Structure formats: structure tokens, C-alpha cells
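Working notes, beginning with the structure itself.
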Amino acid sequence: MAARGGAAPGPAARAASASGRPGAWALMGSELSVLFRRLRTWAMLLALAAIPLLIATAVRLTSHPVPPARGPAFLDRISQNGLFVGMTAMLVSVPLFLPLTVGVVAGDTIAGEANLGTLRYLLVAPAGRVRLLLIKYAAAAVFCLTATVTVAAVGVLAGVALFPVGPVTLLSGDTIDVGESLLRSLLIAAYLAVSLLGLAAIGLAISTFTDIPVGAMAATVVLSVMSQVADNLPQLEWLHPWLFSHYWLDFADLLRQPISWTTFGGNALLQGGYILAAGAIAYGRFTSKDILS
Amino acid sequence: MSDTSGPDALAIETLGLSKRFGRRSAVDSINLAVPRGSVFGFLGPNGSGKTTTIRLLLGLAAPSSGGIRVLGRPVPAGLAAVLPEVGALVEGPAFYPFLSGAANLRRLDTADRHAPRSTRAARVDEALERVGLSHAAGKKVRAYSLGMKQRLGIANALLRPRELLVLDEPTNGLDPQGTREVRSLVRSLAAGGTTVFVSSHLLAEVEQMCTHVGVMSVGKLVAQGTLRELRAAGTARIMLRTPDIAAAARVLSGLGLHPEPAGVLQDTDHGGLLSTSPPGHTVAPEDIVAALVAAGVRVQGFGVEDASLEERFVSLTGEGFDVAG
């Protein structure tokens, strides 16, 4: 450590206080870069990408056509139109794979930093507790969209590569061209990303309660499974519209002509409610928490 | 340096600061006064409450009771204004193992919204150079040794010019060369006007770089002042060697001293007595010798020993390896 003749801060450090624009958004950029530079994030995105690849390959390699009404919806249509690979893959990954990856990212937000010990350095920097919480959530939301778009995009690519592609016949009977159906695929990805925002907020809230990221991740994923189980119990019908997973599979409305936005709106409202509630818990906990990690 | 007039003369000030975890009291009503411009050694055995105090000072934990002012502002209320002026190493370095040293510093620098982006790269390079890590800037922290991580932690505290540096055990994990470098770095920072608050459980380290010392023991601040004041507060000891132990003890007791046997050999040929002067009542050494001789005590050896800071430290914090806690 070169003790330079007495002067405390070096020239660059001194210049820092004199000039330069404060970077209020720099932490968001840094957060995303940390998230997407992790091997784990890439492993999860690769696993998600493997789902449409698996579906497309399996259908391609089967000689006899898939009988309708067997397997996930749209599966029987893939061999005629590759654009259905992405939609099938999204449908398949909604119950477990997408919540699993979102649970990992959201559960890691605060608990992961606490576990590394970097949380105390971020707060002393000072990041500001509320600002850090907002940025962590924003990054988790970005991951939700990345995850669903990954499934959709890889699905489209695999479909184009392995199957004929043409105009898509919608549930309403109307036919849309390839460009329009790509747009619909993206819309479904966006719908699913919004669907996962409530779960991400729950994961963030859980993450403020522990220094063990795996615990927060597991709890988040377990909650998502429990919500879906509850949604399948007729005895709990009164509860169904309040479950954050209630609309997860209801993106069929986006495959009608004209698009029915009712489900999208209802779902967004529900997720917004969960964001507010879980956000309030996360805020209450995190702003008053003693950081002892 | 020791100008204590006005509240702004203190970089850190706490009043009755306490922190309890459940029923256990980690920090017990301490009144810290760290003058601006000082190098304040925060000394205490492991588990004496040093790191908890530092967490309270930096707003990481909320006090159970008592008040804190850092750089003239109340904590935690004024944290947003205080923390940009404070560089800190708290309870060891912590970094993202999958990022390089430089990337870690950039990451932590972005967390401070007042840190200008335009100078970020230059400031990171400079901080790495100051701690001698330029050669490992691009290496993943996963591959760093403990000493290198410690250096990186110090570099993080130096990313911006700071009014106050809080360094919790900065020489942990460093080799003797690294320890010397930290000492000279602290001195150069202090020479530049930065107040340095450095915690340590090593007395020698504090003695070598600090102007002021505060001693913690079991959550209490048991002594505080300049290094000189603390040394002076230590009680002198008188070592007497005599074969007439019983007679000497009677004479010393008569003078108001408290003689204690010292040494392993306590037979009549090689007797030894250790006497500690009672505080506030010191008898001049020459009078003691005169009294001993007058009483017919054969004096084989006589010496006055100033208390070392180490003895003072041990007497304040207790001896041995017991971790308070």
C-alpha cells in the first residue's frame, strides 16, 4: 500500500468531489450486470430455453402425429405450424419452471447480499434501504420478463427451424399472419411476466427475513406451488380469485380476435395488489432491520 | 488535534449508547468521544462489543437507547448525509466472488448515488493502487487470498475522499509486511486530515498508529483518552527483592501499600515482594527504601516499574482467552 507523501485522497478521488454528475441510476445498471453475469442466472435461462427445444425435438422426432387433446394444449398443432412451439413451451413452464427461476432470483435479492456480507457495504456506501429494495425488485421484474421472453423466443426459433410456419388460426377461428402471431407470442410472454410479478414481490419480502438465500428461494417456490394447489381445490373456491397464481394459465384471451384484455387487466390488478402488500411487508421489515450479517 | 471545544470538534460522539440483543447487552451505555483529526484506536478483546458499536455508528443496526452523532449529525436520522463522508471496513471484507476486484469496487461505488460516474474508473484504479492490488484488479475475488480481500476492503473505503474512516480490524489476515503498509496508510490518511477510527484487539497495533484510545470490555467503554493519558493512568509498581519477606510486608503495609508475593522462589534466600501503589496515594520510592532499611529489612534489589500499556489493557479487560459474551 503505497503511502503517498501525506496527501489523503488521490487526484481522481479529489476530482470526484469537485465535478461529475451523480449517477442515480448507476446502481440499477450495476444490479442488472451482477444478475446477468452470474453463472446461475445463465444456467436458469438455459434450462428455460431447453423446454421449447425439448418439445420441438420430441415432436419432430415422432413419426406419427400427435392426437388432438393429448398432452399440453397446442401440442398437436406444432407439426403443422412451428409458431406453436413457443406457446406450448410457455404453457408447460408456467406451473413450475418459471416460478422456480423467479423464486431463485427473488429469494436471493436481499438474503443473497446478506449472506455474502455485501449488504452491509451497499448500505454503508450508502445505497439507501428503500432505494436498494426498489432496485432489487426492479431487477427481479426484469428477470421475470427475460425468463418468459427466453421461452417464447427460443420457442419461435426452434419452431421456425424444425417446422413449417404459416398463418395461425386463433381460438376465435380467425387467422392471423406470421408477424401478428409473433407479436401475440411476445404479448403472452409479457402477460406471464406480469403474472410472476406478485410472486417476485413475495420472494423479495421473504428475502428480507433471512440471511440464508436458499431458505428464501425454497419458501417462495413452495408458496407458488401451494397457491396452485389451492387453486385446484374446489373447496377453496372463494379463495381462488385472490390467489396470485389464479390467472397464470389464462392467456387464451390473448389468442382471440379482437384481443380480450379483461383477463390481462384483472391479472395485472391482482399482481399489483400482491406487489403492494408484499412490498409493504418488505419495506417494514427491511427499513427497521438490524444488519448483523 | 485535542481541541474539544464545540460539538463539531468531535467526529464521533455517543451518549449512553446501548444495544441489547434479547436480554444480552452487547454495548452498554458507552460515551465515545472521537476528536476530529485523531487516529482513534478502539481496543478490546474479541466479543467486547467493538463491531456492534461500529454497526450502530454506521446505522446498520439501531441502538436500543442512547444517542449518536457522527461528523456533527445525528445517526440514524442524518445517515444519508453522513455516510458519503465515511469510508468503512466492517467485520471483515465481503465481496461478490464471481466478480473481479475492480468490478466489485465499481459495483459498491454505484451504490453511492453521489459518486460521479465520470471518475469512477479512475477512482477504482487509484484505490486499488493505494492498497497494492493493481496487479490483481482483473482477477476474480474468488481467487483472492484473505489478505488480498482485506486490502480490497480497505480500497473500498478509500473510493472517495472521506472525512472519517472506520476500519474494523484492518490488519486481520495480513502478513507483517501488509500490517506495516496498513499502518503507514493510516498515518498518511491522518496526515491528510482524515479522522481514522480503527478497531483492534491487538494492543501493539494501536500503540503504533493511534493518537487516542478507547478500551472496550464486555460491552462497556472502560477507558478513553489520548495514548499518553492512558499510559499515565496506569499504576506504577515497586519490585522489591529481600530474604526478609514477612518483615518487609509489615513495613510496606504500614506505608499504606498492598504487598503481594511475586516470583516463584519464596524461600528466605531468594524472597521477592511485589507491591502495587494504591491509586492516589503514592509513597516516594526513596522513603520506602529508608523505611525498609530502618526496620532492618535486608534489601537485595529495588526497582520502580512504570505500568506498560499492556498491563493497563489487561487490567481493564481481564486476562486470558475468555471471549466475552
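The shown structure was predicted, so the numbers you read here are calculated from the model rather than taken from an experiment. A, B, ... follow the sequence lines: proteins, then strands. Residue 1 opens every chain.
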Chain A contact via [X] - which portion, at a heavy-atom distance below 4.5 Å:
X: Arg55(B); answer: side chain
X: Leu99(B); answer: side chain
X: Tyr96(B); answer: both

Query raised in the report: Based on non-hydrogen pairs under 4.5 Å, which of Leu122(A), Val34(A), Leu292(A) is most in contact with chain B?
Result: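 Heavy-atom pairs under 4.5 Å are most numerous for Leu292(A).
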Query raised in the report: Counting heavy-atom pairs under 4.5 Å to chain B, which of Ala127(A), Ser288(A), Ser33(A), Gly117(A) comes out on top?
Result: Ala127(A)
**Report entry** Under 4.5 Å from a heavy atom of chain B, the part of Glu31(A) involved
**Finding:** both
Among [options], residue most engaged with chain A (heavy-atom pairs, under 4.5 Å):
options: Ala111(B), Ala127(B), Ala61(B); answer: Ala111(B)
options: Val166(B), Leu133(B), Asp125(B), Val90(B); answer: Val90(B)
options: Val82(B), Leu89(B), Leu79(B); answer: Leu89(B)
options: Gly59(B), Ala155(B), Gly92(B); answer: Gly92(B)

Looking at [Y], is its backbone amide N or carbonyl O close enough to the side chain of [X] to form a donor-acceptor pair, meaning the two atoms are under 3.5 Å apart?
X: Thr171(B); Y: Leu174(B); value: no
X: Thr101(A); Y: Leu98(A); value: yes
X: Arg20(B); Y: Arg23(B); value: no
X: Lys19(B); Y: Thr52(B); value: no

**Report entry** OG1-CG distance between Thr195(B) and Leu189(B), expressed to the nearest 0.5 angstrom
**Finding:**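 Atom-to-atom, Thr195(B):OG1 and Leu189(B):CG are 11.0 Å apart.
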Query raised in the report: Is the number of heavy atoms from other residues, nucleotides or ligands within 6.0 Å of OH (Tyr283(A)) greater than 12?
Result: no
Report task. State whether the number of non-hydrogen atoms from other residues, nucleotides or ligands found under 6.0 Å of Ile212(A) atom CD1 is greater than 12. Result ->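 Open: at most 12 neighbouring heavy atoms sit under 6.0 Å from CD1 of Ile212(A).
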Query raised in the report: Are any of the side-chain nitrogens in Asp108(A) or Arg38(A) under 4.0 Å away from the carboxylate oxygens of its partner?
Result: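 Yes, this pair counts.
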**Report entry** SB check Glu163(B) Arg73(B) (cutoff 4.0 Å)
**Finding:**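 No salt bridge links Glu163(B) with Arg73(B).
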Query raised in the report: Do we see a donor-acceptor contact under 3.5 Å between the side chains of Thr287(A) and Arg129(A)?
Result: no
Query - Residues of residues 137-148 of chain B within contact distance of chain A, non-hydrogen under 4.5 Å - result: none
Query raised in the report: With under 30° as parallel and over 60° as perpendicular, where do the rings of His212(B) and Phe40(B) fit, or are they tilted in between?
Result: parallel
